[in-house]
Every structure is written in structure tokens, then in C-alpha cells.
Chemist: 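Let me begin by handing over the structure; questions about it come next.
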2 protein chains.
Amino acid sequence: MQKEAIYHSSSSKYLYAYDNETIHIRLRTKKGDADEIKLRWGDPFEWEEDEKGNWTWELYETVKMEKQGSSSLFDFWVAALKPPYKRVKYAFEIHSGSESIVYAEKGFFQSDEKNDSGGFFTFPYLNEEDVFSPPEWVKETVWYQIFPERFANGNPSLDPEGTLPWGSKDPERDSFFGGDLEGIIQHIDYLKDLGITGVYMTPVFKAPTNHKYDTIDYMEIDPHFGDKETFRKLVETCHSNGIKVMIDAVFNHAGYHFPPFQDVLEKGEASKYKDWFHMKEFPLKTEPKPNYATFAFEKTMPKLNTSNPELKAYLIETGKYWVKEFDVDGWRLDVANEVPHTFWREFRKEVKAIKPDVYILGEIWHEASEWLLGDQFDAVMNYPYTDAALRYFGKEEITAEEFIDKTVSAVYMYPDNVTEVSFNLLGSHDTPRILTECGGNKDKVKQLMAFLLSAPGTPCIYYGDEIGLSGDMDPGCRKCMVWDEKQRDLDMLAFTKKLISLRKAMPVFGNHGHLTFLDQYIGQDIIAYTKEYGEEKLLFLFSNAKGAELHLDESLQGGTFKELISGRDISGSEGIVLKPNEVLILKR
Amino acid sequence: MQKEAIYHSSSSKYLYAYDNETIHIRLRTKKGDADEIKLRWGDPFEWEEDEKGNWTWELYETVKMEKQGSSSLFDFWVAALKPPYKRVKYAFEIHSGSESIVYAEKGFFQSDEKNDSGGFFTFPYLNEEDVFSPPEWVKETVWYQIFPERFANGNPSLDPEGTLPWGSKDPERDSFFGGDLEGIIQHIDYLKDLGITGVYMTPVFKAPTNHKYDTIDYMEIDPHFGDKETFRKLVETCHSNGIKVMIDAVFNHAGYHFPPFQDVLEKGEASKYKDWFHMKEFPLKTEPKPNYATFAFEKTMPKLNTSNPELKAYLIETGKYWVKEFDVDGWRLDVANEVPHTFWREFRKEVKAIKPDVYILGEIWHEASEWLLGDQFDAVMNYPYTDAALRYFGKEEITAEEFIDKTVSAVYMYPDNVTEVSFNLLGSHDTPRILTECGGNKDKVKQLMAFLLSAPGTPCIYYGDEIGLSGDMDPGCRKCMVWDEKQRDLDMLAFTKKLISLRKAMPVFGNHGHLTFLDQYIGQDIIAYTKEYGEEKLLFLFSNAKGAELHLDESLQGGTFKELISGRDISGSEGIVLKPNEVLILKR
């Protein structure tokens, strides 16, 4: 047995409360190494003394763990327990061929060795207030990301000087096209018709640039976007159409024109705002490199010092204000990984005190467990999950096996209740558009959309991807939304709409179904996975090969399937033909 | 290469800020598998664009990692960085024979493959307020645990009815011997002479039992122990003698006679305290099993519901009151692992606001990383560390190799700054005494003491172990302290005192020295380790064999050593003779 590969830890992703009654326990072993794993468990305090004064611990049960996923190197085993007294002591009994050992916190034991719970792993007590509890509604939400300056121009009177005619050219870094809040309100029917239930807008606060990530005033709507009354109308319109609203804030750094920073620039050490930033010396210099901490090396984005009590109070008031006064449903927090954990803990507490089911989403591109322990964020932008899909389906940079490896690894990177609300996205204002990543191949885009909408997590569509917008890295990916039907990819729109409706109609399609990869088609460059929920089962097939004919394995043969996108019937016994870059979603 | 054994994670023990400038990065590999590991690192934002518009990431440095420890299965590699902009992107270049690979967050790469920082691991920003920062004084403290009912009877007028003459018999579960706070004050010179710099007292609050873990009133001193004025005098006396004071509280559960619990017992659902506990139904029953949550299955210890705002306010006020009014230096928190994390976060914030360098110590016997992220405890009672020593030196249950394995594993269980203040103990009021664990063998006790005092962490001596008290599990381990010199083991006392003075005099002896096991003597059942700090180096030798003659390896031969306990000179070239169960501490 490969002991060095066996891994468990009494912390978040390997041991966590899934809900107020259930504890999930995971174990990792070398792929193919263990045949069977059983969990020995009981209550820490169930000891009985016999007449001779010897104490014996009562083992409640030995349950079989389920092998729920496999990456290239590892198998992942899972057990779910509902301990009667909310406490558990446990160890793993690992069987490999004729060998069996017990793995516990104090190390490895022989499986027939007497080992009471003394050296076992411990889940000391399931306290409800520690359970990771994101808002319930997020699990069922389909998001749509809007970059307001480029979605629709609803009130041309607000246009800044030099605004270009809508869609008249490809955007440059400093272009303005006049998009605004009124534009979003006017197109709410479009979003509703598409099936969207949550809108995420990049910043709307006062800022000079078109992206508005360089905030001047966290308490004001940018005048080119509208005013507070328009914002209120936007939120109300969304709500009355069953759409949640998430807004975006940058608490890591301010914009160059943020008045407190200007005050420090002007008055230097005498400024009462000097501790709102991280100044190394005075006077401030911006050349050759700034002598104050910044976002990246961007002198126009001075890093905020959230340890300063006044600044902290101001930023937390911002978090509360837009929720309390405008009934906003979510905060997306920019560069969240560079802001102290202590700040986020307080932010969460204060904002959730006003509206407990606000969704708090951090922008973190890497593994983010330390922000997802229940005390900070409900979710992070789940780039690692979709990165693999983009590289496999879109860019053809990795093999089918690598795609499965990375996707499974991303799932076991977080507890299930974290993954269920993770913000999954194929692209954003910070990445090239998926159509461009796919070299213009629309079938690949469809595969990506089908993967996104059927994955665990909460999917987000970047505005315009559903009608075939293209564009490279910023500024290319920030083109004006197209409202002329003739210029839209209506087939892609119908396809996306169909996927959304399936996800919403069938619990198994979305967050409720467990996704299992079938590896027998990997050699043919075909990705196959099932999704299961109770009696329901779907089979997803994606071809990355050229004109492959898929031979179903025996368990699937003989049945008749309905293909859910097209609605046509397919007979399994005749063999299923997958066209290049096709996706089929089959239900028996 | 054994890829399945390679492990790193962007969370606490594998990646952490050691101080406001330094980041520690650790990696685990299969023992003996890697010959050399280099860390590739740079700043996340150091990208340069060339004339053709291609971006290149600037790798700052490739540094050799140090193999700092080895357990039975694994090698642990460490690098310490001081990144100029407090941010790091990094990956590991692992060399094994002719093979080399790069391990990054996105997986394994060929070492000559172009891989910019895109897939690297990330330490996003070193924010000072997130750095784990225990009180500075703890690192240098030598603790002494007092069970007040058994330390000294300083004021017989407070004795409860039925108090037994001091030390007249072995204690039973419900014995009283009249120990009190005045008794501790009267013996402060003894503690000072021993070299103690911190006293930890089990609970002193009003409670009916001798151990006082069944609190009736968190705001009152137990009348058999004294009153608030005596307590104030105790703290002042300790402080004026350079001794810190840590007290003990139980916030997990109350005593049966806690008035709010009595109120619920009496009034049932009508009691205004009904939500202070976890009641499943009314009326309350205690037989056959309590129908309310308890500590273990103990009906006299009802579990407190810290989610209740009034109760939480009362308990947090307790935490603040004794610090604010009596200048207490530390809180030891009983059954800390069963209380919600949310409660501890608030507790820490409130108590540290009054006195930032209060030491917060949780009673947790198992791996406790989730409580040691900087937002909850400064330390836990480090039973896993000393358990191995007890089983090897004391009970002879494990081999030298297993001892080293478990000790090294315990060190890499936590970040270095956590380990430096971990509360190391060989025994307490909850375990058999070490002399008893050693079967009465005093030489073994000396070995344990030498190990405890030279280990990383902050050592605690359980009252009386230094004068040879014996005793089995509670109530045996709670005998009366012996004040008659003739009944004391004066040799053990002198030995303990010597160790304490060495630890205090030599930084290398205590928390500042890095401990490295030498494995060449394992076969002879001899444990050898060096401790190094700058130019200073000590060699510790412990024999568990019978009359072993130790042959030093070449690097040590030829020198003359001073043995620090006895003060005698030893010539390395003549060979060093270790008597059975002897410990030698050598300085060249």
C-alpha cells in the first residue's frame, strides 16, 4: 500500500459540517491503490467501565466509504455521517488486496490491532453557527455579468464628452460608449427571457474610467451611469422580475482621484488621511516607481490601509449602505485576496447583520480555502474549475485525461457546500471571450456552455457570449452589446436559453446532481459524465475528436434516449454518433 | 519520483507569514525521494512587455530549500522569503536523481517547460494584521500548573466542612484538603527559586467540587479559595516576582448549580434562561440520559448555548473582567474545541482589546490548525508532542524511530510561530503523573524533563513533578503538594531547577534553537538531537538502552565537551558512555 499518498486532515475540505446534522469526511489515496475503505466511528465519550475497572470505547459503526472521484494521481473517498450527539471520533480502515491497515490521527495501525478512539481523528462538536451557510438562493441562481458601460445606453443625456456611437468601433482602453443603468433597466425583459436570475455588475460607483475600478466615491453612483434613484429603480425592476442584483467594490485600493488620496498627495504627512494608505515616506513620488503601496505597480491605484479605524468604518459603512438603502443582494469584492482576513470577517458580520442572505463573493483566482471557512466569503470566482474546460474544449491545450484530472481536483479543493455556490465563469471583463478562445468555433462554445450550466456551482454568463460576441483580452472583451437581432448569433442564444431552462427545470441537471466522469472514452478524446440525483440520471457526451463514433458500454446499451437540447430520440443499441465538437445530453 | 507523496497547500502550516516581513514555505516529499528542491519565486505583478507585445514574467530568484526534518515517511523542506512587495508567486523545482519536475498549483510541469507564474502557488499579500502574533513573553516563559485545592493551605479558616488534614491520605474524587489562594501566595518564593515565570491555575471561580470545573458563578472567586482581594494580592505578588498568571474557564458548559440552569430546571420553558442551554424538550429529565446537551454524557454539566446573545455577552464579559480588573495575563479555555469558532473570534477580539498581550490557550488534545489561524487562540495544550515522549522514554511502548517520527510530525503540524508558543506538558490534572507513567524510574522522569525543557514551545511543569510526586489518573494525580523537605526528591528538584536555568540562560537551549534529530544511533535505542542557534550548538543524548556505549560520529569526535547538568568535561575521542536512562547535554 502506498502510505505516503494517503491523506486526511481535520480541516475544512477533508472534514466539514455539510449542514446542521451532517458531517462529511473525505480521504485521499493513490489512484487504484485501495480496493475498499471503511470508516470506523463513534462518539468520543461512549466509554463503559466493566467490573474490573477497565474502560471500553463503543464503536458505533463501520461504514463503507464511497469512491466519489478520481484524478490522475488520486482517488477521493467520502462518507457522510449524522452523529446523534454531534460529535465524532473516527479512523479509516484501508484495504488493498490482502493488506489492511488503519489510518488515524496518531498514525498507521494494524487493522486487527486493538486501538480504541484515543488516537482517532476528531470532529469535536457540530456547532450550527460554524456551519458554512451561504444564502440558499445562490444554489439555484443563473448569473449574468454586465459591464455597464457596454451593455446599453438608456439615457444619452448622461454620456460623457467624446462618447462614441454605440458599437461604432472596437473599444480601446479609454473608449466611452455611453452604457448606463437605464440601459440595463430597459433590457430587463431580455434577461428574463434568457432565464437569468442574478445580475452581477462591475462597479457603478463614481470613478473616471470606463471600468470604474478606480473609485472616487464609494457612496455615489457614477453620474455617467445614472443616479441613486435610477439605481433603486434598477434593483426594484430586477427584483420584480425574479432577478437578484450583485454589485462590485474595490476595498483593496482606491482610485488616484479618491479625495483622501489627493489630500495626502497635496498635504503629505500633514494630511489627516495619511494613514488611510501604506506610505513608506514623504513626500509621495510616483516616478520611477511609486513610494507607496499600490495594486500591482499601478501608481494610480494606491493600496488602502484597512487597519486604519476611520477608513475601515467608511468601507464597512459602504458595505452596509447599499444593502440597507437599496436592497442589493450581493457583493463581489475585487482583489479580495490582498485585503486582510480580519477586515473580511468584520465586513461579513456587519453586512449579514443587515441582510443575512446577502451573497459575498471574493475575487480570488487561486485556491482560496482560508477565505471559505464560513467567516469570510460565501464563494470565490472559480477560475480553476473553468480554466481546465477552456484549455481542453476551447484551446485544445490539454488532453481529456488532464481535463478530468483538473476538474476533479478542483471539486475536491473545497467542501461540497462551498462548491455548490462557487461562482463558475468561462470568461469575464478580465479574460478573452470564449468565442475567441475557441478560435471562432461555435460548437466548442456550445460545449463550454453545456459544461458550465451542468457543473456544480452557480454559473455566470458574461454578457454577449450568448449571442456570439468575440474579443481578445481587455479592451477587446468589452465590446458593446448587440441589440440588433440581425447581428446576433440567434442559434447560440436559443442554445444558451435551452440550457438555462433545463438547469432550472431539472434538479439533476444543475447543483443537485452528482457528476461522475466515465473514463472509458478518454482514448477517443470524448468526455462523458453522468449526473445523478435520486432516481434521475443524465448522460453528457462531448466529442473533441473528429467525427468520432461513440460505442456505449454495455450498461447503457439497449435503451432509448432523449437528447435534451434537440428533443430527438436516440437508440443506444445502434451506437451513438457524435459529430466533431458536438455535445449530447441524454436521458433514458 | 513519488508524485503522490508530494504535498503543499496554500494554507496555514505549508504557507504562512512568520512575522511582518517573512513568509515561510514548506513542502513535503516522500522520505529520501528528492535530492534537492529549489523554490522559483517572484512578485505576481512583475511582468514586462517587449516591442512585439509579448509579456514576460520576471523570476526573482531560484533558492535552495532546506530539508529541516524527516519523519518515517516524509521529508519536510522549508524556505523563508522576504518579498520586497509582500507578495509572492512560487513553484517547486524538485530534483530526484536525473529526474526533475516543477510542482505548482496547477499541477506538475517539466522543469525545462516554459511556465510563467500563471499556474504558480500564490501568497497574495502579507497584511500585518493577519500575522499570527502571540504575546512575545510566552516564548520565554516556563509554566507551572497549580491545582489550587492541593497546592497549599494558607488560610484554614476558609476550609470547607470535612476538610482532611494536609496530605493525610491519597485523595479521592470528592476529597477536600483546604488548598487556597493564600497558600500560593505564601509559596511564591518557592516558585521563584525554581525559576518559574508563569503560573497556570485550574479554575478558581465559585463551584462546589474540588476541581471547580462545574462553575456556579464566573464572576466570583470560590469562597474556599479566598476572595477577590486575595486574588488581587496573588496576581500582584506573582507580577512583582516576574511571574505571569493564567486562569482557567469553562465556557463549553456550566455546573449543575449554575443559577440559570437551576432556573430552567425549576421553571422549564417559562425560564428566561431556557435558551442559554441546548434543550431538546421540556420538562428536563436527567434519567436515564439527560434530554439536554451536556459535556460528554455528564448530566451535571449542561452545555452552554453561546449563540444566545445574553449568555454570550455574560461569558465575554467574564473574559474581559478578570483581565481588566485583576490584570490577569492568560486564559486557559476548557473543552475549547466544542465551543463555536465564532465565539472564540469574538472572545479574542474583546479580551485583546483590553490587554493585547494576554495569552489565549485552548484545551485541545488533537490537531487544532483551525483554531490557530490568528483569529482565535495563541496556542493549544500540545499533548500530541509530549505523548510520543511519554510513550518512548516513559512507557517504552514505541521505538526510537517511532518517537522521532511522531515528534517531527508534531512540529510540522503547525507553523513555527505557533509551535514556539505551544503549551507543552508531560502531564496535568487530567493524566497520570510522569513518575507513575515511568514506573517509578526517576531517570526516565529526568529524560522527560530534559526533553520538555529543550523542546520548541513553552514548557509547563505540573506541580509536584519536580519533587517526585506520583499518582495515577484522577484522583491519584491530584495529591497534596509536599512542603516537608525530607519528603521531597531534592535531587529531582535540583535537576529541574538546573534545566530551567539553562533554558533561561541560553537561547539555543530553549525556543531559539532549531532541533535536528541525528538518526545514526537509533539502532542502539539512543535518541540524539542537536540544537542550533547562530554559532551556538548543543548535543542532547538520551539512552533508552541498557548500559549503552555511544560511539560519536566523526564530525563530533576529537573535541572536548562540557556536560551542562553536571558541569563535568567529557572527551569525545574517548567515546561517550551513556548509562541506562541517562541524559547528557553536551556543549563543545
Chemist: With a 4.5 angstrom heavy-atom cut-off, could you sort out which part of Ser72(B) is near chain A: side chain, backbone, both or neither?
Modeler: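 It is neither, since no heavy atom gets under 4.5 Å.
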Chemist: Let me know if Val339(B) has heavy atoms under 4.5 Å from chain A in its side chain, its backbone, both or neither.
Modeler: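 Just its backbone gets close to chain A.
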Chemist: Looking at Thr342(A), Val335(A), Thr306(A), which has the largest count of heavy-atom pairs under 4.5 Å with chain B?
Modeler: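 Maximum pair count with chain B is reached by Thr342(A).
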Chemist: I need the minimum non-hydrogen distance between Glu367(B) and Glu105(A), along with the two atoms involved.
Modeler: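 That closest heavy-atom pairing would be N-OE2, 2.9 Å.
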Chemist: Tell me, for Lys86(B) versus chain A, whether the close heavy atoms (under 4.5 Å) come from the side chain, the backbone, both or neither.
Modeler: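 The answer is neither part of Lys86(B).
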Chemist: Using every non-hydrogen atom in the two residues, find where Arg87(B) and Thr294(A) come nearest and quote the distance to one decimal.
Modeler: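 Minimum heavy-atom contact is NH1-O, 3.6 Å.
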Chemist: Is chain A contacted by the side chain of Asp387(B), its backbone, both, or neither, given a heavy-atom distance below 4.5 Å?
Modeler: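 It is the side chain, since no backbone atom gets that close.
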Chemist: Heavy-atom distance under 4.5 Å to chain A: side chain of Tyr85(B), backbone, both or neither?
Modeler: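 Answer is side chain: those atoms of Tyr85(B) sit under 4.5 Å from chain A.
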Chemist: Identify which of Leu126(A), Thr122(A), Asn252(A) forms the greatest number of heavy-atom pairs closer than 4.5 Å to chain B.
Modeler: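 If we count pairs closer than 4.5 Å to chain B, Thr122(A) comes out on top.
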Chemist: Determine whether His366(B) and Phe120(A) satisfy the following criterion, side chain to side chain contact (heavy atoms under 4.5 Å, CB included), listing intermediate values before the conclusion.
Modeler: CA-CA 9 Å; His366(B) 52 81; Phe120(A) 277 28; over 6 Å; no
Chemist: Which atoms of Phe108(B) come close to chain A, meaning under 4.5 Å heavy atom to heavy atom: side chain ones, backbone ones, both, or neither?
Modeler: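 When you check distances to chain A, only side chain atoms of Phe108(B) fall under 4.5 Å.
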Chemist: What are the two closest heavy atoms between Lys106(B) and Lys406(A), and how far apart are they?
Modeler: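 That would be O-NZ, 2.7 Å.
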Chemist: Check this for me: does any side-chain nitrogen of one of Glu129(B) and Lys312(A) sit under 4.0 Å from a carboxylate oxygen of the other?
Modeler: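 Result for this pair is no, no salt bridge flagged.
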Chemist: Where does Gln2(B) contact chain A at under 4.5 Å (heavy atoms): side chain, backbone, both or neither?
Modeler: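 Contact with chain A involves the side chain of Gln2(B) alone.
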Chemist: Does any backbone or side-chain atom of Asp43(B) lie under 4.5 Å from a heavy atom of chain A? Answer side chain, backbone, both or neither.
Modeler: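 For Asp43(B), side-chain heavy atoms alone lie under 4.5 Å from chain A.
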Chemist: On the 0 to 90° scale, with breaks at 30° and 60°, tag the Tyr125(B)-His278(A) ring pair as parallel, tilted or perpendicular.
Modeler: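 Ring orientation of Tyr125(B) relative to His278(A): tilted.
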Chemist: Please test Glu4(A) against Phe74(B) for side chain to side chain contact (heavy atoms under 4.5 Å, CB included), starting from the C-alpha separation and ending with a verdict.
Modeler: CA-CA 7 Å; Glu4(A) 291 87 351; Phe74(B) 302 111; 3.8 Å; yes
Chemist: Taking the side chain as C-beta and beyond, is there a heavy-atom pair between Asp375(B) and His341(A) under 4.5 Å?
Modeler: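 Side chain of Asp375(B) against side chain of His341(A), heavy atoms only: no contact under 4.5 Å found.
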Chemist: Minimum heavy-atom separation for Pro340(A) and Asp130(B), please, with both atom names.
Modeler: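 Between these two residues, the closest heavy atoms are CA-OD2, 3.1 Å.
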